[in-house]
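All remarks here apply to the structure that follows.
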Amino acid sequence: MEEKEKLLWSLALPGFGQILNGKLIKGILIIFLEILINVQANFNEVIMLSFHGDIVSAIEQTHYNWLMFYPCLYFFAMWDAFKDAGGGEERYSFLPFVFGAYFVTIGLIYSSNLRIFGWLLGPVWLPMLFLIPGVGIGLLGKLIARLG
């Protein structure tokens, strides 16, 4: 259960899980990187605009060159906190995290122009939607590796 607590704190803010695991320097570095990327990408403004349904403005406000770093940092921080707390002992248990990061990044790449059923979802909702197949493929990969 402790590893899930660290995972959830890392989900809330990357770096918190590392701090709870006693990895202060790593945690502070991840928090610093999270804030740096968040500010440079204008991500909080993009999130607010997206939640208000103003997707075009969210796209215009997004600094994609910075935001592209966010998914990998975010999912690495979750995986690292989970693993350091004793989770992830199973072989290939990292796969859902890795494929989640890959697919969220791909969703971000296409978020300014890909429409789903005519809807432009933008840089928050489309990457979140892409997370579902990413984690699913990671879980499938883990299952196949376990069976093989």
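Here, residue 1 is the first one in the sequence, and each next residue gets the next number.
Between the CG atom of D54 and the CD atom of E60 there is a distance of 8.0 Å, given to the nearest 0.5 Å. Between the CG atom of L95 and the CG atom of L143 there is a distance of 11.0 Å, given to the nearest 0.5 Å. If you take CD on E3 and CD on E5, they are separated by 10.0 Å, rounding to the nearest 0.5 Å. Atom NE2 of H52 sits about 11.5 Å away from atom OG of S57, to the nearest 0.5 Å.
Note on ring orientation: taking the six-membered ring where Trp is involved, the planes of W79 and F94 are perpendicular (angle over 60°, cut-offs 30° and 60°).
F43 and F16 are not part of a single hydrophobic cluster, where members link through side-chain heavy atoms under 4.5 Å apart. Linking ILVMFWY side-chain heavy atoms closer than 4.5 Å, directly or via other members, places I47 and I37 in a single hydrophobic cluster. Put simply, L13 and M78 are part of two different groups of oily side chains (I, L, V, M, F, W, Y) that touch within less than 4.5 Å, one to the next. Hydrophobic clustering, with ILVMFWY side chains joined whenever heavy atoms are under 4.5 angstrom apart, groups M128 together with F130.
Side-chain contact between L126 and L120 is absent, with no heavy-atom pair separated by less than 4.5 Å. Residues V104 and F75 are in side-chain contact: their nearest non-hydrogen atoms beyond the backbone lie under 4.5 Å apart. You'll find the side chain of P14 reaches within 4.5 Å of the side chain of Y74, heavy atoms only.
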Residues 107-114, side-chain donor-acceptor partners within the protein, below 3.5 Å, at least two apart:
from, atom 1, to, atom 2, distance (Å)
S111, OG, Y64, OH, 3.2
S111, OG, L108, O, 2.8

Return all side-chain donor-acceptor pairs below 3.5 angstrom for residues 131-140, not counting sequence neighbours, or 'none' if the list is empty.
none

Would you be so kind as to tabulate the donor-acceptor pairs closer than 3.5 Å made by side chains of residues 18-36, with sequence neighbours excluded?
from, atom 1, to, atom 2, distance (Å)
Q18, OE1, G15, N, 3.4
Q18, NE2, A77, O, 2.9
Q18, NE2, D80, OD2, 3.1
N21, OD1, K6, NZ, 3.0
N21, ND2, G17, O, 3.3
N21, ND2, A81, O, 2.9
K26, NZ, D80, OD1, 3.1
K26, NZ, D80, OD2, 3.1
E34, OE2, Y70, OH, 2.6

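With hydrogens and angles disregarded, no donor-acceptor distance shorter than 3.5 Å links the side chain of N42 to the backbone of H63. At least one donor-acceptor pair under 3.5 Å links the side chain of S93 to the backbone N or O of E90.
In plain terms, the two heavy atoms of G122 and P127 that are nearest each other are O-CD, 3.4 Å. Contact between V46 and T62 at its shortest, heavy atoms only, is CG2-OG1, 3.2 Å. Residues A145 and Y92 share a closest heavy-atom pair of CB-CD1, 3.1 Å.
Between F99 and Y102, the distance from one ring center to the other falls under 6.0 angstrom.
Around the CE atom of M68, the shell of radius 6.0 Å holds more than 12 heavy atoms that belong to other residues, nucleotides or ligands. The environment of F69 atom CZ is sparse: at most 12 non-hydrogen atoms of other residues, nucleotides or ligands sit within 6.0 angstrom. Around the CH2 atom of W125, the shell of radius 6.0 Å holds more than 12 heavy atoms that belong to other residues, nucleotides or ligands.
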| request: Decide yes or no on side-chain contact (heavy atoms from CB on, under 4.5 Å) for F82 and F97, but give the supporting numbers first. | output: CA-CA 11 Å; F82 180 69; F97 294 90; 4.2 Å; yes
| query | Can I55 and L121 be said to form a side-chain contact (heavy atoms from CB on, under 4.5 Å), step by step? | reply | CA-CA 7 Å; I55 302 302; L121 300 176; 5.9 Å; no
